[in-house]
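Atoms within a ligand are numbered from 1 in the order they appear, just like the ligands themselves. It should be emphasised that the depicted structure is a prediction, and the values quoted were computed from it without experimental measurement.
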Amino acid sequence: MAVTATERKLPIGGEWIETGDWLDVRSPYSGEVVGRVAKAGAEETRRAIDAADRAMQEPLPANKRAEILVRVVAGIARRHDEAAALISAEAGKPMKAARVEASRAMSTYTFAAVEARKLAGEMVPMDAAQAGEGKLGFTLRRPVGIVGAISPFNFPLNLVAHKLAPALAAGCAVVLKPASQTPLSALFLAELSDEAGLPHGWLSVVVGPASEIGDVLIEDERVKAITFTGSGAVGWKLKERAPKKRVNLELGNATPVIVSADADLDTVAEKIAANAFSFAGQSCISVQRVYVERDAYDAFLERFVPRVEALKLGDPADDDTDVGPVIDEDARDRILEWIRASSGKVLTGGDLQGDLIRPTVIANPDREDKVSCEEVFGPVCTVTAFDSLDEAIALANGTRYGLQAGVFTTHLDTALRVAQELEFGGVTVNEAPTFRSDQMPYGGVKDSGNTREGPRYAVRELTEERLVVIDLP
Ligand code: NAP
């Protein structure tokens, strides 16, 4: 479905407003304008916070919140093709992947609706201490307050869903700042939320200069939590500047996979080829570093490189495209520079086909090369031989990041050892670490973040426990 360059107003405090200024949203593939969005700044952000504050003075009961979330699921289902086309147009994501993202957003909202209905505190065994005898104690889970949500360009629908749905499930109003390159999918979700009956003020979307909007969210004391997904450079700075707020960070990774010689190499090659290059490697858990036991190294490459070369580059709107563009020229130049600067041998790719970076495999780069330890966020992966499991674990851990990692092996002891010794928030066994299902706890350690998403975990992070103690007669 073609996306026409419609003008989109911003939902702020229950009204869809124009600001007199517009921001063009361009296709990363063709450069064409695919939408124009009203551009907001500090004033609109303050207005959005005022509206969120008013909204939260009349709490929505859990059953109403759950019903609204379920109606959003139905809205996405009804307009699934439109959602996928919008994601593809503004992010340059191939339609195959965009459709999966639209379905995942439905899953995210569905799980959040379940959490809204389950949200409860717990009994405290008061008489377990002498001081508590004759008392009844329990906790309530209260919404933390207004949430400022900031989202990245790479999953413009589902990562916005991971911000909005759990916050509403927790009973929090949200002021959302989506990525300037991809605001259309976020506005689409806001429209569906309106249609689903979300009362005024519970969701406002501000699109515009990041630091100006970010400053207001940080400085306004009524905003009690910031939930941020994006780069570490921005995320950790926000946390530093807001010591009294909860600042939940979901950041980058340089995703490693360990391949034991005993693994089924055909399956591994297939899974890694699909998961290192999908959306041109612009997923925070795109496979980037593959460590293969030396005995299986050549056999793996024989299977892997042809599969990478078979991936189809092209227009993300085409149904058979596997790999499209990266988000912009700056990203493209940086990625090509990192490839050039690596000491490893380029086995395939490393150059452009038209304006698109060809999927690139680099053999045995130095540990210090950027492609070996920093986040490439492009269609590039390295393949390095290892001699012992100790060495493989050290190589995989040799990064400041720690979001997800994986191992392929048929030996249970290898799998369990790796799962315990990799310093990552999640470890997949016989599955690419790019795997994510939206209800699972997802988040990183080290520079990759400080929180867990997945509706159950995000709701926990956006609520606080209030203790009630009753003196019994
Ligand atoms: P980014 O440049 O950090 O931007 C993320 C968001 O932060 C955007 O909305 C951006 O707005 C905003 N922003 C930038 N500067 C800001 C400031 N001073 N104050 C407040 N907000 C500010 O990241 P990106 O390039 O969009 O996304 C790629 C990164 O996200 C990668 O590192 C990737 O690994 C990470 N990521 C992590 C996860 C996860 O769940 N762990 C998931 C997806 C992506 P503008 O667009 O207006 O600049």
Side-chain angles (χ1 to χ4, degrees), residues 23 25-26 28 37 39-42 45 90-91 93 101 104 108 148-163 175-186 205-220 223 226-242 245 247-255 279-288 326-328 330-331 334-335 374-378 399-404 424-426 433-434 436 438 440-454 457-458:
L23 187 137
V25 181
R26 290 180 183 277
V37 176
K39 191 170 170 188
T45 311
E90 66 176 350
K93 182 172 288 192
E101 181 174 346
R104 282 185 52 193
T108 303
I150 303 176
S151 58
F153 75 82
N154 63 336
F155 285 83
L157 190 77
N158 192 36
L159 286 183
V160 170
H162 271 286
K163 301 291 173 215
V175 178
L176 169 74
K177 192 226 137 339
S180 299
Q181 283 155 318
T182 57
L184 300 175
S185 307
V205 183
V206 279
V207 178
S211 55
E212 187 178 326
I213 295 168
D215 285 354
V216 177
L217 293 175
I218 290 287
E219 282 157 21
D220 195 310
V223 176
I226 304 276
T227 166
F228 174 89
T229 301
S231 62
V234 176
W236 291 112
K237 185 68 79 190
L238 291 174
K239 179 163 170 52
E240 206 178 286
R241 291 180 56 207
K245 294 188 203 295
V247 181
N248 302 334
L249 302 175
E250 288 280 3
L251 309 172
N253 199 31
T255 311
F279 191 32
Q282 298 167 112
S283 155
C284 44
I285 42 175
S286 189
V287 171
Q288 181 180 324
V326 293
I327 191 70
D328 57 26
D330 286 353
R334 176 189 58 74
I335 295 161
E374 292 297 326
E375 180 180 41
V376 177
F377 224 57
T399 168
R400 61 197 173 98
Y401 293 111
L403 185 51
Q404 274 193 178
F424 288 80
T434 317
R436 181 177 181 189
D438 290 280
M440 69 189 214
Y442 179 77
V445 297
K446 295 161 66 179
D447 277 14
S448 291
N450 62 358
T451 190
R452 293 294 178 270
E453 281 191 344
Y457 309 92

**Prompt:** For ligand 1, which atoms, with element, lie under 4.0 Å from some heavy atom of Gly252?
**Reply:** 32 (O), 34 (O)

**Message:** Measuring from atom 2 (O) of ligand 1, which candidate in Gly443, Ser448, Ser231 has the nearest non-hydrogen atom?
**Reply:** Ser231

**Request:** Could you check atom 13 (N) of ligand 1 against the protein and tell me its nearest heavy-atom contact, residue, atom and distance included?
**Result:** Ala210 CB, 3.5 Å

**Request:** Report the nearest protein non-hydrogen atom to atom 9 (O) of ligand 1: residue, atom name, distance rounded to 0.1 Å.
**Result:** Ser151 O, 2.7 Å

**Passing candidate, side chain to side chain contact (heavy atoms under 4.5 Å, CB included) with Thr45, options Val223, Val216, Asp215** = Val216

**Message:** Checking a contact table here: which protein heavy atom is nearest atom 34 (O) of ligand 1, and how many Å away?
**Reply:** Glu375 OE2, 2.5 Å

**Complete:** Residue set satisfying side-chain contact (heavy atoms from CB on, under 4.5 Å) with Lys239, at least two apart, ordered chain then number -> Trp236, Val247, Leu249, Asn450

**Complete:** Nearest non-hydrogen protein atom to atom 27 (O) of ligand 1, with distance, is Pro152 CB, 3.4 Å

**Message:** Can you tell me which portion of Phe377 lies within the under-4.0 Å heavy-atom range of ligand 1? Options are side chain, backbone, both, or neither.
**Reply:** side chain

**Request:** With atom 26 (O) of ligand 1 as the reference point, say which of Phe155, Phe153, Phe228, Tyr401 has the nearest heavy atom.
**Result:** Phe153

**Asked** How far is atom 38 (C) of ligand 1 from its nearest protein heavy atom, and which residue and atom name does that atom have?
**Response** Cys284 SG, 3.0 Å

**Asked** For atom 35 (C) of ligand 1, which protein heavy atom lies nearest, and how many Å away is it?
**Response** Gly230 O, 3.2 Å

**Complete:** atom 37 (C) of ligand 1 has as its nearest protein heavy atom Leu251 O, 3.1 Å

**Request:** Please state which part of Leu217 comes within less than 4.0 Å of ligand 1, counting heavy atoms only: side chain, backbone, both or neither.
**Result:** neither

**Asked** Among protein heavy atoms, which sits nearest to atom 47 (O) of ligand 1, and what does the distance come to when rounded to 0.1 Å?
**Response** Ser180 OG, 2.5 Å

**Asked** Any idea which part of Leu403 is under 4.0 Å from ligand 1, heavy-atom wise: side chain, backbone, both or neither?
**Response** side chain

**Complete:** The atoms of ligand 1 lying under 4.0 Å from a heavy atom of Val234, numbered in the order shown, are 3 (O), 13 (N), 14 (C), 15 (N), 16 (C), 17 (C), 22 (C)

**Prompt:** Does Phe153 have Lys93 sitting over its ring (NZ/CZ under 6.0 Å from centre, angle to axis within 45°)?
**Reply:** no

